[in-house]
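All remarks here apply to the structure that follows.
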Amino acid sequence: MNGLLAAIGLLSRLPAGGASWAPERAAGWVPAVGLLIGGSAAGATWAAHALLPPLPAAAIAVAAWAAVTGGLHLDGTADAADAALVAAPRERRVAILEDVHHGTYGVAAVVFVVILKVSCLASLPGGTAAGAAFAAAAGARGWLPAAARAFPPMRQTGMGAAFRAGCRWSAVLTGAAAATAAGGAALGWWGIAASAAGAAAMLLAGWGLGRAFGGLNGDAYGACIELGECAVLLAAAGLAGQLDAWTAWEALR
């Protein structure tokens with residue numbers, strides 16, 4: 001139960017009794033919390049699309065999605081972008097990463113992520129958009145133990161290092177299975193492809209940030225999650241368009 005509370009606290013702003021967290025036990029519970037966040041994002045998306053036109057519905061859904069997580073991963077994305085994109089030695093990048101203030105790169109990264117999510121959800125019908133939100137939110141968190149295990153921690157102490165230490169193969173395999181199942185259950189076979197796109201994006205982001213910082217920390221994990229979500233939504237929007245075109249072509253034959 002301590003691991004579950006730690007996973008909730010690391011991934012959301014839901015009450016989790018932070019004083020007793022054990023981050024090293026969180027990895028095994030990350031997929032379950034991902035399903036919880038995914039369900040919340042899907043519910044908000046479905047309800048917003050049922051009441052509003054596509055574009056404002058998508059904006060409300062993304063805002064509710066961010067509210068569940070407390071913007072933690074968006075904040076990590078901003079910090080990581082500020083540090084990784086600046087032309088500076090690694091030591092300077094690490095110092096920027098640890099600065100709580102956001103610069104131009106960080107603000108631009110958050111704006112890009114939000115616009116991308118809103119546009120992808122707005123391009124899909126309500127039910128499909130809800131499924132894509134579920135696949136993205138649950139999938140990115142399911143793949144997190146794999147991304148964390150694949151790269152060393154930036155520091156040997158701290159919450160990020162403790163979480164990474166708990167990313168054993170059992171947690172990696174459980175998370176991968178949960179992410180794949182979430183994509184398939186929400187969107188069918190092409191949801192599995194979208195989930196794979198999210199995994200690839202997270203591993204690529206982890207590799208790039210690891211090179212920039214000499215390892216990953218909590219901010220980098222947050223950036224990986226956000227980029228993984230974006231990749232799933234992009235893949236879902238793109239595949240949905242291709243499938244619609246294929247259906248139309250078959251109807252003409």
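For this chain, numbers begin at 1 and follow the sequence in order. Excluded from the calculations below are hydrogen atoms, water molecules and symmetry mates; all remaining heavy atoms, backbone and side chain alike, are included.
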What donor-acceptor contacts under 3.5 angstrom involve side-chain atoms of residues 124-152, with partners at least two apart or in another chain?
unit_1, atom_1, unit_2, atom_2, d
Arg141, NH1, Ala137, O, 2.8
Arg141, NH1, Glu229, OE2, 2.6
Arg141, NH2, His73, NE2, 3.4
Arg141, NH2, Glu229, OE2, 3.2
Trp143, NE1, Ser195, O, 3.2
Trp143, NE1, Ser195, OG, 3.1
Arg149, NH1, Cys167, O, 2.9

Run the side-chain donor-acceptor check on residues 40-63: report pairs under 3.5 Å with partners two or more places apart or on a different chain.
unit_1, atom_1, unit_2, atom_2, d
Ser40, OG, Leu36, O, 3.1
Thr45, OG1, Ala41, O, 2.7
His49, ND1, Thr45, O, 3.0
His49, NE2, Leu121, O, 3.4

*Once you round to the nearest 0.5 Å, how far does OG1 of Thr69 lie from CD1 of Ile37?*
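That separation rounds to 6.5 Å.
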
*With sequence neighbours excluded, what pairs up with Arg155 under the side-chain hydrogen bond (donor to acceptor under 3.5 Å, both in side chains) test?*
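Checked Arg155 against side-chain hydrogen bond (donor to acceptor under 3.5 Å, both in side chains); matches are Glu98.
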
*side-chain hydrogen bond (donor to acceptor under 3.5 Å, both in side chains) involving Asp79 - partner list, sequence neighbours excluded*: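 Counting only residues at least two positions away or on another chain, Asp79 forms a side-chain hydrogen bond (donor to acceptor under 3.5 Å, both in side chains) with His102.
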
Show me the side-chain donor-acceptor pairs of residues 212-226 shorter than 3.5 Å, one per line, residues at least two apart or across chains.
unit_1, atom_1, unit_2, atom_2, d
Asn217, OD1, Asp219, N, 3.3
Asn217, OD1, Ala220, N, 3.0
Glu226, OE1, Lys117, NZ, 2.7

*asked:* Through direct or indirect side-chain contacts below 4.5 angstrom among Ile, Leu, Val, Met, Phe, Trp and Tyr, which residues connect to Val107?
replied: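 Taking Ile, Leu, Val, Met, Phe, Trp and Tyr as members, Val107 shares its hydrophobic cluster with Val111, Ile115.
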
*List, by chain and number, the other hydrophobic cluster members for Val172, where Ile, Leu, Val, Met, Phe, Trp and Tyr join if side-chain heavy atoms come within less than 4.5 Å, directly or indirectly.*
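So far as hydrophobic clustering goes, Val172 is joined with Trp169.
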
Should [X] and [Y] be regarded as members of a common hydrophobic cluster, given that ILVMFWY residues are connected when their side-chain heavy atoms come within less than 4.5 Å of each other, either directly or indirectly?
| X | Y | answer |
| --- | --- | --- |
| Val110 | Leu233 | yes |
| Leu4 | Leu72 | no |
| Leu85 | Leu97 | no |

*Hey, could you give me each pair passing side chain to side chain donor-acceptor pair (under 3.5 Å) that has a residue in residues 82-94? Not counting sequence neighbours.*
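Matches after skipping sequence neighbours: none remain.
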
Identify the heavy atoms of [X] and [Y] that sit nearest to each other, and give their distance.
| X | Y | answer |
| --- | --- | --- |
| Phe163 | Val30 | CE1-CG2, 3.7 Å |
| Leu187 | Ala236 | CD1-CB, 4.1 Å |
| Cys230 | Leu116 | CB-CD2, 3.6 Å |
| Ala194 | Leu239 | N-CD1, 4.5 Å |

*For the side chain to side chain contact (heavy atoms under 4.5 Å, CB included) test, which of Leu5, Leu10, Ile8 pairs with Val33?*
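Option passing the side chain to side chain contact (heavy atoms under 4.5 Å, CB included) with Val33: Ile8.
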
*For Ala162, enumerate each residue passing the side chain to side chain contact (heavy atoms under 4.5 Å, CB included) test, keeping only those at least two apart in sequence or located in another chain.*
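Side chain to side chain contact (heavy atoms under 4.5 Å, CB included) check on Ala162 returns Pro23, Glu24.
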
_Strictly by salt bridge (Lys or Arg N to Asp or Glu O under 4.0 Å), give each pair with a member in residues 161-181 just once, sequence neighbours left out._
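Listed once each, the pairs would be none.
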
_Pair listing, salt bridge (Lys or Arg N to Asp or Glu O under 4.0 Å) test, anchored in residues 29-44, at least two apart_ =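 Every pair satisfying salt bridge (Lys or Arg N to Asp or Glu O under 4.0 Å) with a residue in residues 29-44: there are none.
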
Only distances under 3.5 Å count here; give the side-chain donor-acceptor pairs of residues 200-208 to other protein atoms, sequence neighbours excluded, each with its distance to 0.1 Å.
none

_Side-chain heavy-atom pair Leu35, Pro31 within 4.5 angstrom cut-off_ =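 Side chain of Leu35 against side chain of Pro31, heavy atoms only: no contact under 4.5 Å found.
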
*Thr180 (side chain) donor-acceptor with Ala177 (main chain) under 3.5 angstrom*: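 Not at all, since once roles are kept as given, no pair shorter than 3.5 Å links the two residues.
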
